[in-house]
There are 2 protein chains.
Amino acid sequence: MNIVQKPPATLSPETIAKFRAIVGDKYAVTDEADVHQYVTEERNLFRGTSPLVLRPGSTAEVAAICKLATETRTALVPQGGNTGLVGGQTPYGGEVVISMRRMDRLREIDTESNTMTVEAGMILQNAQNRASEADRLFPLSLGSEGSCTIGGNLSSNAGGTAALAYGVAREMSLGLEVVLADGRILNSLSKLKKDNTGYDLRNLFIGAEGTLGIITAATLKLFPKPRAIETAFVGLKSPDDALKLLAIARDEASGQLTSFELIADIAVDFSVRHGIGVRDPLASKHAWYVLMELSSSRDGISDTLERILERGMEEGIVDDAAIAANLAQRQGFWKLREEISPAQKPEGGSIKHDISVPVAAVPAFIAEANAAVVKLLPGARPVPFGHLGDGNIHYNVTQPVGANTAEFLARWHDVSDVVFEVVLRMHGSISAEHGIGQLKAADLPSVKDPVAIEVMRGLKAMLDPLNIMNPGKVLLPVKS
Amino acid sequence: MNIVQKPPATLSPETIAKFRAIVGDKYAVTDEADVHQYVTEERNLFRGTSPLVLRPGSTAEVAAICKLATETRTALVPQGGNTGLVGGQTPYGGEVVISMRRMDRLREIDTESNTMTVEAGMILQNAQNRASEADRLFPLSLGSEGSCTIGGNLSSNAGGTAALAYGVAREMSLGLEVVLADGRILNSLSKLKKDNTGYDLRNLFIGAEGTLGIITAATLKLFPKPRAIETAFVGLKSPDDALKLLAIARDEASGQLTSFELIADIAVDFSVRHGIGVRDPLASKHAWYVLMELSSSRDGISDTLERILERGMEEGIVDDAAIAANLAQRQGFWKLREEISPAQKPEGGSIKHDISVPVAAVPAFIAEANAAVVKLLPGARPVPFGHLGDGNIHYNVTQPVGANTAEFLARWHDVSDVVFEVVLRMHGSISAEHGIGQLKAADLPSVKDPVAIEVMRGLKAMLDPLNIMNPGKVLLPVKS
């Protein structure tokens with residue numbers, strides 16, 4: 001059961017030559033300047049090195065790479081769009097990076113079965129577009145959709161803004177094709193909604209962050225394209241009231257409620273202040289806001305939205321609300337939401353968390369985390385926002401006005417400790433959407449059931465006995 | 001990797017005494033007459049023997065049982081309501097049966113988070129009722145709901161009539177408590193909709209039919225209770241037309257389409273002929289029928305249903321339709337559907353299959369399977385019906401009129417062979433809902449990707465190295 005992380009072997013020229021031969025020289029990257037984009041990520045938070053980046057063009061090539069990696073005990077780091085936020089796609093140093101982006105074909109779309117089979121390197125937005133061209137919806141939607149890939153989405157079990165109605169990435173996949181560490185190809189591609197022939201292997205690889213195998217293709221669920229979308233931006237007094245509004249919205253709209261985003265006033269302030277072209281849709285200020293969206297395959301949901309807001313006003317929950325009158329206004333509401341993340345940068349250092357708690361516990365979580373953070377660092381500015389309907393809050397903390405950014409960021413772990421204490425007390429998760437990767441691998445044993453960790457280590461040892469698949473991510477090595 | 005099925009050890013009186021001491025004499029069943037109900041099932045298709053049936057009352061007792069079973073290498077068969085259709089819950093001979101029915105407590109219901117945590121032995125109908133009392137819906141619904149248990153539903157990943165909108169049992173569970181073969185308790189109970197902290201362990205045990213561990217409790221998702229339900233019984237010409245009507249219904253109703261059942265004329269005939277109080281809602285006969293239901297948390301879906309039927313008539317798909325005007329009529333439509341299974345018995349022997357194919361392939365599957373079966377056994381009467389929206393057909397074959405039942409049933413495997421040949425050619429599943437159990441364990445290697453079988457065997461060896469958890473179910477022993 002002991003997973004010992006081998007120090008990355010220095011690849012011999014012979015081994016490099018063998019790897020190059022699998023993909024062809026054109027798709028084997030060794031020049032340091034070219035390698036750079038694969039070993040660093042956008043925010044420069046995680047940096048690594050790699051002697052070799054391979055860009056396979058087929059499942060057979062990925063299988064040959066894994067087989068050779070097993071023979072030569074070469075550590076591999078699978079990578080999609082390189083947009084992950086926890087360092088899961090970044091090598092520590094010396095691993096071979098497998099960039100999946102060339103494998104971006106649509107293998108099949110079946111509008112009667114409402115399924116689409118795509119290769120892992122297809123960019124999420126392209127998958128959305130392929131579905132849309134067939135008059136279908138592929139609902140997964142997140143900030144990085146222009147560059148992240150389906151393989152990365154599944155490996156990290158991405159969430160995003162549509163998870164309330166459609167679930168997370170895990171729930172949008174019917175089957176997978178996976179290359180195992182030793183090069184065997186597991187073919188569990190399937191268009192079947194019901195298949196009870198043996199253990200569920202698909203969900204073993206979804207969310208495993210490339211540590212158990214490399215996802216090379218997936219069959220995805222498609223949905224009817226919504227014909228009508230109604231969006232409201234609501235001002236209210238508290239997360240408690242937002243929770244009450246959520247209950248009303250679910251009661252009235254049920255599955256037609258497709259987004260329900262909670263936003264603190266400071267997040268709206270930041271977005272309006274720093275986001276280009278962002279404006280507050282409401283005339284006056286409120287302590288909290290909700291961005292709510294209904295989608296339907298037919299008309300009639302403007303009535304539903306109005307009824308939700310009316311009930312909210314009657315019950316004293318909704319203080320003010322704006323309904324998007326056209327597509328431009330709707331895009332404006334979402335622009336405000338999307339600019340919250342970048343708008344924190346001009347305000348100085350930001351210590352970020354991606355937590356979830358039971359939906360009912362969100363108000364208490366925010367109150368207690370705010371109190372704990374401000375007690376630890378007086379003047380620190382909590383910026384909570386996120387997917388209330390999923391209990392998922394991006395609990396960010398911006399530095400005090402005028403503070404030294406480096407000194408503030410040096411307190412990252414202290415701040416996380418007090419936030420995670422509240423999360424764990426409420427039976428929440430320290431990583432709702434983003435995964436464990438490098439960033440939280442050391443935290444995992446202290447937040448997870450010890451038997452769960454033992455079973456995870458058993459799975460890792462069974463599927464990757466040499467620990468060559470993205471070593472040191474999710475599970476840290478155990479001293480044997 | 002080799003799983004060798006040990007011949008069931010004869011339990012020594014000392015070992016039996018130790019097992020009895022865990023649950024107390026009152027809950028240890030050894031009298032043959034009392035054991036009988038646990039080692040046979042309703043249809044008497046699967047029969048076994050057991051020296052001891054244990055009825056634990058707590059997770060701690062289940063853990064102690066598994067620990068002792070590991071120490072004494074005693075094979076265990078976990079059992080819920082004993083309603084499974086593939087012999088998964090029946091001992092072969094000599095295993096100790098663990099009946100979970102006493103563990104039937106509601107641990108918690110949280111209407112804000114829309115979750116409910118129940119013990120594995122809670123009967124499905126009771127779980128539905130607990131949710132309903134809290135003004136929520138637990139949507140899992142199947143024929144045996146009055147006696148099957150949540151633990152059995154999850155272990156077999158049950159489907160049922162609401163899977164179209166709400167998914168199968170797997171998709172209704174957020175977290176599990178599981179006792180592993182060696183007695184360790186895995187606590188993955190969780191109310192979280194998003195939690196990306198490590199590998200997904202829940203789905204490993206859901207659908208594993210008790211071969212990897214014993215599910216002792218589960219956190220289940222709750223949904224808003226529908227306020228309006230509209231049901232139609234439709235006559236049409238072909239499965240192709242039914243598929244077109246499904247597309248219209250999904251287009252108009254989207255997530256509000258909660259059932260879409262396809263029924264062959266012969267199934268309606270049988271149900272009307274043999275079902276007490278069953279009548280055909282339509283004035284004249286049709287080759288095929290659809291039972292369609294829409295559910296909504298608000299009014300307005302009668303318009304939607306009418307629009308679906310209007311479009312169907314305009315396009316020449318719908319020949320006739322009846323809409324339930326009241327609850328009694330709705331119950332009458334469903335009664336017709338539910339009586340299809342029992343109504344086959346008075347017609348003689350019935351060879352049953354529970355298959356799925358991609359939704360688009362259902363019409364071709366039915367046509368080709370019918371042709372193959374009738375070619376094999378002239379006069380045999382195919383009775384296809386099932387969940388068209390899930391691609392899941394209960395493909396039953398009734399004996400020719402006047403044939404010898406025993407002789408007909410002796411051809412079960414021959415009939416299955418020709419049916420499965422069509423299923424596999426269409427990339428379908430030989431077990432959509434019911435699982436593998438004893439019935440299909442020998443078939444599994446020939447219908448499943450060989451690498452998938454290898455990974456399944458690896459999982460089994462990792463979690464149950466002594467092969468004491470429901471041995472010989474799902475995976476047959478390999479000669480070492």
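Here is the naming used below: chain letters follow the sequence lines, and residue numbers restart at 1 for every chain.
In this structure, the separation between CD on B/E108 and OG1 on B/T115 is 6.0 Å, given to the nearest 0.5 Å. Atoms CD1 and OG, from A/I355 and A/S429 in turn, are 8.0 Å apart once rounded to the nearest 0.5 Å. Atoms CG and CG, from A/L222 and A/N114 in turn, are 6.0 Å apart once rounded to the nearest 0.5 Å. Between A/I301 atom CD1 and A/S296 atom OG the span is 5.0 Å, to the nearest 0.5 Å. To the nearest 0.5 Å, the span separating CD1 on A/I453 from OH on B/Y199 amounts to 10.0 Å.
Contacts between B/I436 and chain A at a heavy-atom distance below 4.5 Å involve backbone atoms as well as side-chain atoms. Heavy atoms of A/L180 lying under 4.5 Å from chain B belong exclusively to its side chain. Only the side chain of A/N392 comes within contact range of chain B, judged by heavy atoms closer than 4.5 Å. When heavy atoms are compared at a cutoff of 4.5 Å, B/A165 does not approach chain A at all. For a residue to count as touching a neighbouring chain, one of its non-hydrogen atoms must lie under 4.5 Å from one of that chain's; by this rule B/A247 does not touch chain A. Interface remark: B/K221 contributes side-chain atoms only to the contact with chain A (heavy atom separation under 4.5 Å). Only the side chain of B/L192 comes within contact range of chain A, judged by heavy atoms closer than 4.5 Å. For B/L164, no part lies under 4.5 angstrom from a heavy atom of chain A. Of the atoms belonging to A/L201, it is side-chain heavy atoms, and not backbone ones, that fall under 4.5 Å from chain B. Using a 4.5 Å cut-off between heavy atoms, A/I185 contacts chain B through its backbone alone, with no side-chain atom that close. Neither the backbone nor the side chain of B/D354 comes within contact range of chain A; no heavy atom of the residue lies under 4.5 Å from a heavy atom of that chain. Heavy-atom distances place no part of A/A441 under 4.5 Å from chain B, backbone and side chain included. For B/N187, the parts sitting under 4.5 Å from any heavy atom of chain A are the backbone and the side chain alike. When heavy atoms are compared at a cutoff of 4.5 Å, B/D390 approaches chain A by way of both its backbone and its side chain. Proximity to chain A (any heavy atom under 4.5 Å) is restricted, for B/L243, to the side chain, taken from C-beta onward. Looking at B/V455, both its backbone and its side chain come within 4.5 Å of chain A, counting heavy atoms on both sides. The contact between A/S156 and chain B is made entirely by backbone atoms, counting heavy-atom distances below 4.5 Å.
Ranked by heavy-atom pairs shorter than 4.5 Å toward chain B, the options A/P226, A/A432, A/S188 are led by A/A432. Of the listed residues A/T111, A/L174, A/D200, the one with more heavy-atom pairs under 4.5 angstrom with chain B than any other is A/D200. Contact count versus chain B (heavy atoms, under 4.5 Å) is highest, among A/G207, A/G167, A/A208, for A/A208. Contact count versus chain A (heavy atoms, under 4.5 Å) is highest, among B/R250, B/K244, B/K225, for B/R250. Put simply, of B/V474, B/D443, B/N157, B/T211, the one with the most heavy-atom pairs under 4.5 Å next to chain A is B/N157. Heavy-atom pairs under 4.5 Å with chain B were tallied for A/I430, A/L189, A/V359; the largest tally goes to A/V359. Between chain B and the residues A/L463, A/D135, A/L444, A/T304, the largest count of heavy-atom pairs under 4.5 Å involves A/T304. Options A/G391, A/G435, A/G255, A/A361 differ in how many heavy-atom pairs under 4.5 Å they form with chain B, and the most are formed by A/G435.
Under the 4.5 Å side-chain criterion, counting only non-hydrogen atoms from C-beta, A/L294 is in contact with A/I308. You'll find the side chain of A/L212 reaches within 4.5 Å of the side chain of A/K460, heavy atoms only. Under the 4.5 Å side-chain criterion, counting only non-hydrogen atoms from C-beta, A/M172 is not in contact with A/L154. Two residues are said to be in side-chain contact when any heavy atoms from C-beta on lie closer than 4.5 Å; A/D251 and A/R311 meet this criterion.
When atom types are taken as modelled, the side chain of B/D464 and the backbone of B/M469 share a donor-acceptor pair closer than 3.5 angstrom. Using modelled atom types, no side-chain atom of B/S173 and backbone atom of B/R170 make a donor-acceptor pair closer than 3.5 Å. No donor-acceptor pair closer than 3.5 Å links the side chain of A/E306 to the backbone N or O of A/D303.
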Check against salt bridge (Lys or Arg N to Asp or Glu O under 4.0 Å), A/E252 and A/R307 = CA-CA 8 Å; A/E252 293 284 348; A/R307 196 158 48 244; 2.8 Å; yes
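Aromatic ring pairs are classed by plane angle as parallel below 30°, tilted from 30° to 60° and perpendicular above 60°; the pair B/H394 and B/H434 is parallel.
Under 3.5 Å, the side chains of A/K448 and B/T197 contain a donor-acceptor pair of N or O atoms.
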